[in-house]
Undergrad: 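After the C-alpha cells below, expect a handful of questions from me.
Computed from a predicted model, the values in this text were never measured in an experiment. Side-chain atoms are counted along with the backbone in the values below, which use heavy atoms only and exclude waters and symmetry mates.
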Amino acid sequence: MTDSARRVAFLQEMGLGPIWSRRDIVSGTVSEFQEAPALEQVQPVPSVPATALIPTADAVQEQSVVQVTPRVSVDASVQHMDWLQLQSAVSGCRQCTLCHSRTQTVFGTGDQKARWLFVGEGPGRNEDIQGEPFVGPAGKLLDNMMGAMGLKRGENTYIANIVKCRPTDGNRKDRPPALDEATACMPYLERQIALIDPTIIVALGKTAALSLLKLDPATPVSRLRGSVHRYGDKPVIVTYHPAYLLRNLADKGKTWADLCLAMRSFETAD
Ligand code: URA
C-alpha cells in the first residue's frame, strides 16, 4: 500500500475518507491541507495557580465541574530526574488516592526523543490492565489519527496522560481525573516534556488542554480549538479526545482540521 493509500485508509477509518482523500492524494503536503476553521484566539491566563485548573472530562466539549480540595504537589526533585528515576518515581507514587485502586501506573509510551507529543487524560480500564496509554478503542482511533498524519505510535511520537493512574467512580467506571489528582501528577508530565523536548504537543480533550495550558476555568473550551497555544515555547494544538470522537462521529471532521493545523504548526516550529 502506498503512503497516500494508507493515509486515505486512515481517514476512512476516521469517517473522513470521501471528504478528504482527493486533496490528500493530490497534494501530500501539509500546507495544502484544509484550513482549520478560524476561531477566536484564546490567550493563556498568566499566573493562574495550578490549583485553579478545572477537573475535566475526556472531550473538549463542556462538561460538569467537580469540586475538589487541592493537594500539595509532588516533590520538586522530580524536575531533576532522568528517565529511569522518573519511571521509578511514577510506579511507586502515592501522591493521591488513585494509587489505592490502580492495577499499575501508566507512565507513557513512545520515542523518548519524539518531536510529536500527544497528551491524553488518564488511563482507562484497558490501560490500567496493560500499563500502556491508549490501548482500547480510543487508542485504535488515536493510532488512526496519527496514521492519517503520517505518524506512527512509537516512531517520533510519544503518548502520555495528565494522570498516570486510572480514575474510577464508585461503580469502578472510568471518570475524568479530579483537580487534586491532576495537580499531584502534573510534575511527572512536566518532567516527561522536559526530557522529551518535543517540537509540538497535541492536547487530546479538555483535561489535557486546560491542565497543560493552565487556563482560567472560565475559558470557554469550545474556543480552544483552531488556535495555536503555547506550553513554554512549544506550540500546543487542542483537539477532541478520541473517546469523545467515538461517541460523536460528526466531530471527526473538526478533529482532522485540528490535526492539519498541528501539521502546519509543526512545519513552522523551531
Ligand atoms: N484515555 C486517555 O485519556 N488516556 C488513555 O491512556 C486512555 C484513554
Side-chain angles (χ1 to χ4, degrees), residues 49-74 89-109 118-142 159-190 192 203-222 224 238-249 251 255:
T51 51
L53 294 173
I54 291 180
T56 55
D58 63 357
V60 176
Q61 67 176 24
E62 302 282 1
Q63 299 202 16
S64 63
V65 175
V66 180
Q67 297 298 330
V68 292
T69 307
R71 288 168 59 95
V72 176
S73 188
V74 295
V90 167
S91 67
C93 181
R94 306 190 70 77
Q95 286 291 321
C96 79
T97 54
L98 294 183
C99 67
H100 300 308
S101 52
R102 72 185 177 215
T103 303
Q104 59 191 308
T105 56
V106 178
F107 182 74
T109 188
F118 292 82
V119 178
E121 179 178 277
R125 183 172 174 276
N126 295 306
E127 292 76 20
D128 177 67
I129 293 168
Q130 296 187 40
E132 186 171 335
F134 284 100
V135 290
K140 185 173 185 308
L141 180 56
L142 177 59
I159 305 171
N161 280 312
I162 295 296
V163 296
K164 312 301 190 205
C165 298
R166 178 191 178 199
T168 54
D169 63 19
N171 297 318
R172 294 288 296 158
K173 291 263 172 59
D174 292 342
R175 63 161 172 82
L179 171 61
D180 59 338
E181 296 155 356
T183 302
C185 220
M186 201 59 194
Y188 298 132
L189 179 62
E190 287 168 353
Q192 284 176 303
L204 302 165
K206 182 175 175 180
T207 295
L210 295 186
S211 299
L212 281 168
L213 300 173
K214 295 186 172 20
L215 288 172
D216 186 329
T219 306
V221 288
S222 55
L224 295 177
V238 177
T239 193
Y240 292 106
H241 191 286
Y244 166 82
L245 289 174
L246 290 174
R247 302 188 301 269
N248 298 273
L249 302 182
D251 282 332
T255 295

Undergrad: Any chance you could measure N161, atom CG, to T105, atom OG1, to the nearest 0.5 Å?
TA: 11.5 Å
Undergrad: Locate the shortest heavy-atom distance separating S211 from A182; write the atom from each residue and the value.
TA: OG-CB, 4.3 Å
Undergrad: Measuring only between side-chain heavy atoms, which start at C-beta, is Q104 closer than 4.5 Å to P123?
TA: no
Undergrad: For a side-chain hydrogen bond (donor to acceptor under 3.5 Å, both in side chains) check, start with the C-alpha distance between D251 and Y244, then their side-chain angles and the critical distance, and finish with the verdict.
TA: CA-CA 9 Å; D251 282 332; Y244 166 82; 2.5 Å; yes
Undergrad: Nearest heavy-atom pair of Q192 and F107: which atoms, and what distance?
TA: NE2-O, 2.8 Å
Undergrad: For P177 and V163, work out which heavy atoms get closest and say how close.
TA: CB-CG1, 3.7 Å
Undergrad: Using 0.5 Å steps for rounding, measure from the CG atom of L246 to the CG atom of L141.
TA: 5.0 Å
Undergrad: Checking N126 now: which residues fulfil side-chain hydrogen bond (donor to acceptor under 3.5 Å, both in side chains) with it, not counting sequence neighbours?
TA: none
Undergrad: At what distance, to the nearest 0.5 angstrom, does OG1 of T239 lie from CG of L224?
TA: 11.0 Å
Undergrad: Passes side chain to side chain contact (heavy atoms under 4.5 Å, CB included), L204 versus V119? Steps please.
TA: CA-CA 6 Å; L204 302 165; V119 178; over 6 Å; no
Undergrad: Can you tell me how far NE2 of H241 sits from NZ of K206, rounded to the nearest 0.5 angstrom?
TA: 13.5 Å
Undergrad: Quick one: which residue pairs count as a side-chain hydrogen bond (donor to acceptor under 3.5 Å, both in side chains) with a foot in residues 128-138, not counting sequence neighbours?
TA: T103-D128, E132-R153
Undergrad: Please report the shortest heavy-atom distance between V90 and R102, naming the atom on each side.
TA: O-NH1, 4.4 Å
Undergrad: Go through the steps to decide whether E181 and C165 satisfy the test side chain to side chain contact (heavy atoms under 4.5 Å, CB included), and finish with yes or no.
TA: CA-CA 9 Å; E181 296 155 356; C165 298; over 6 Å; no
Undergrad: L212 vs L189, test: side chain to side chain contact (heavy atoms under 4.5 Å, CB included). Steps then yes/no.
TA: CA-CA 9 Å; L212 281 168; L189 179 62; 3.9 Å; yes
Undergrad: Taking all non-hydrogen atoms of both residues into account, name the closest pair between Y188 and C93 and its distance.
TA: OH-SG, 3.1 Å
Undergrad: Working to the nearest 0.5 angstrom, can you tell me the gap between L210 CG and L179 CG?
TA: 11.0 Å
Undergrad: Calculate, to the nearest 0.5 Å, the distance between atoms OH and CG belonging to Y240 and L245 respectively.
TA: 8.0 Å
Undergrad: Is there a donor-acceptor pair under 3.5 Å between the side chain of E127 and the backbone N or O of V135?
TA: yes
Undergrad: Give the minimum heavy-atom separation between P176 and P167, together with the two atoms involved.
TA: O-CB, 4.1 Å
Undergrad: Do the side chains of D174 and R166 get close enough for a salt bridge, i.e. N-O under 4.0 angstrom?
TA: yes
